[in-house]
Protein chains: 2
Amino acid sequence: MESRIERLCVEKGLKMTGQRRVIALVLSEADDHPDVEELYRRASRRDAHISIATVYRTVRLLEEKGILEKRDFGGGRARYEPTGEDHASHHHLIDVDSGKVVEFANSDHERLVRAIAERLGFDLVSHRLELFGRRREQPRRDRGALPDSEPAPLGANP
Amino acid sequence: MESRIERLCVEKGLKMTGQRRVIALVLSEADDHPDVEELYRRASRRDAHISIATVYRTVRLLEEKGILEKRDFGGGRARYEPTGEDHASHHHLIDVDSGKVVEFANSDHERLVRAIAERLGFDLVSHRLELFGRRREQPRRDRGALPDSEPAPLGANP
DNA sequence: CTAAGTGCAAAGAATTTGCAAAACG
DNA sequence: CGTTTTGCAAATTCTTTGCACTTAG
């Protein structure tokens, strides 16, 4: 069967090679923000006949087609995530201790940035917002040392 | 005499070499967001005995000391700007047509992002906001092609 | 078939680093 | 004087590309 990203590729009229299908599948399954190296690793697990050059070429292509979005969270390498199914833009909060990324959307914020751009004499084309934060001290909740654990992604709208 | 950045370096106990003094001066004069290549160019104009490796090392050092801030506006290279004298954070609007950068600050925005982080269970450590926009159609104002020149920074607070 | 995609290894671009010489404090 | 810093060139890291070979449509 056909992964979500593969379907989008077909819609855009892209030639579907074996390697593209695998990369599309890996991307469809990802709910994080892998870099090219990581995509290559995941794809290779599925099919060893994929070179990293092809991964680079494919993500670039899919980005041009609007199927993927490139992110830069620092650390030198570009990271990718599928463009949201909903068209609502979302942003990222990076936990400075664990490096984990939480996504959120906020309509007040969308409104505000649009207004700011306008005040400066510009039409807003796009924008990006990244928050860097530290998990808030919990009021009462006993546990030992708190290593890396899974954060709960959620919306932040009123 | 001593440039602003040089003074900050001394305060931080950094050894002031000739090349650091020049780089500090160049940074003190800059009111834009030069990349390393550009800093090297400006510094070389003042003193030819500076290598680009030293500029890279210096900029990294000053960033660690909190004297400089690294920015990434896309385009592959890191850009730098002195940490603001006031502690108010400011952000950037990048003109997608000309590449020009306009700075702005907005207290509503600061409040909002703090609230968003809190709602997600985090204390906000820092954040960055970048707007990409296109100059709004002016009612009437003729001009030819507009190459890279200095944009007019301004505040956007109510 | 034939234009488009792939692998490989080499090329690029940005940044870092090892080492001997030079300079700050 | 002993660190620290610098220059230079070589090394790293991430990404792109040229070219001969495959393949989807």
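Each chain gets a letter, A, B and so on, in the order the sequences are listed, and its residues count up from 1. What you are looking at is a predicted structure, and each value in this text was computed from that prediction instead of being measured.
- Taking atom CD1 of Ile50(A) as the reference point, atom P of dT23(D) lies 14 Å away to the nearest angstrom.
- Under the salt bridge (charged side-chain N to carboxylate O under 4.0 Å, His left out) criterion, Asp123(A) pairs with Arg136(B), not counting sequence neighbours.
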* Asked: Are His127(A) and His92(B) close enough, and set up right, to give a ring pair (Phe, Tyr, Trp, His ring centres under 6.0 Å), and what steps lead you there?
  -> CA-CA 10 Å; His127(A) 66 287; His92(B) 300 94; over 10 Å; no

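- Within the structure, no pair that satisfies the ring pair (Phe, Tyr, Trp, His ring centres under 6.0 Å) test touches residues 38-57 of chain B, not counting sequence neighbours.
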Name every donor-acceptor pair, under 3.5 Å, that has one atom in a side chain of residues 60-67 of chain B and the other anywhere in the protein, sequence neighbours excluded.
none

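- Contacts between residues 22-30 of chain B and DNA chain C, counted as heavy-atom distances below 4.0 Å, involve no residue at all.
- Distance check: Ser126(A) OG to Arg134(B) CZ gives 10.0 Å after rounding to the nearest 0.5 Å.
- Val102(B) and Tyr80(B) fall into different hydrophobic clusters, where Ile, Leu, Val, Met, Phe, Trp and Tyr are joined by side-chain heavy atoms under 4.5 Å apart, directly or via other members.
- Counting only residues at least two apart or on different chains, the salt bridge (charged side-chain N to carboxylate O under 4.0 Å, His left out) pairs with a member in residues 12-29 of chain A are Glu6(A)-Arg21(A), Glu29(A)-Arg46(A).
- For the 3.5 Å distance criterion, the side chains of Glu81(B) and His90(B) qualify, holding a donor opposite an acceptor.
- Read 5' to 3', the first and last nucleotides of DNA chain C with an atom closer than 4.0 Å to a heavy atom of chain B are dA14(C) to dG25(C).
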* Structure fact -> Quick tally for nucleotides 14-20 of chain D: nucleotides whose base has a protein heavy atom under 4.0 Å get B, sugar-phosphate-only ones S, the rest -, giving SBBBB--

* Arg77(B) and Asp35(B): CA distance, side-chain angles, deciding distance, salt bridge (Lys or Arg N to Asp or Glu O under 4.0 Å) verdict -> CA-CA 6 Å; Arg77(B) 52 253 281 164; Asp35(B) 59 26; 3.2 Å; yes

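- If one axis is set at each end of the helix from dC1(C)-dG25(D) to dG25(C)-dC1(D) from five pairs, those axes are 40° apart, to 10°.
- In this structure, CD1 in Ile94(A) is found 4.0 Å from CZ in Phe132(A), a value given to the nearest 0.5 Å.
- Under the 4.5 Å side-chain heavy-atom criterion for Ile, Leu, Val, Met, Phe, Trp and Tyr, Leu93(B) and Leu112(B) are members of the same hydrophobic cluster.
- Side-chain contact, Glu69(A) with His33(A): no donor N or O sits under 3.5 Å from an acceptor N or O.
- Contacts of Asp31(A) classified as salt bridge (charged side-chain N to carboxylate O under 4.0 Å, His left out), with partners at least two apart in sequence or in another chain: none.
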Report all interatomic pairs (protein N or O, nucleotide N or O of nucleotides 1-5 of chain D) with separations under 3.5 Å.
from: dT3(D); atom 1: O2; to: Lys15(B); atom 2: NZ; distance (Å): 3.2
from: dT4(D); atom 1: O4'; to: Lys15(B); atom 2: NZ; distance (Å): 3.1
from: dT5(D); atom 1: OP1; to: Arg20(B); atom 2: NH1; distance (Å): 3.1
from: dT5(D); atom 1: OP1; to: Arg20(B); atom 2: NH2; distance (Å): 3.1

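- With sequence neighbours excluded, no residue forms a salt bridge (charged side-chain N to carboxylate O under 4.0 Å, His left out) with Glu118(A).
- With a 4.5 Å cut-off between side-chain heavy atoms of Ile, Leu, Val, Met, Phe, Trp and Tyr, the cluster of Met16(A) takes in Val10(A).
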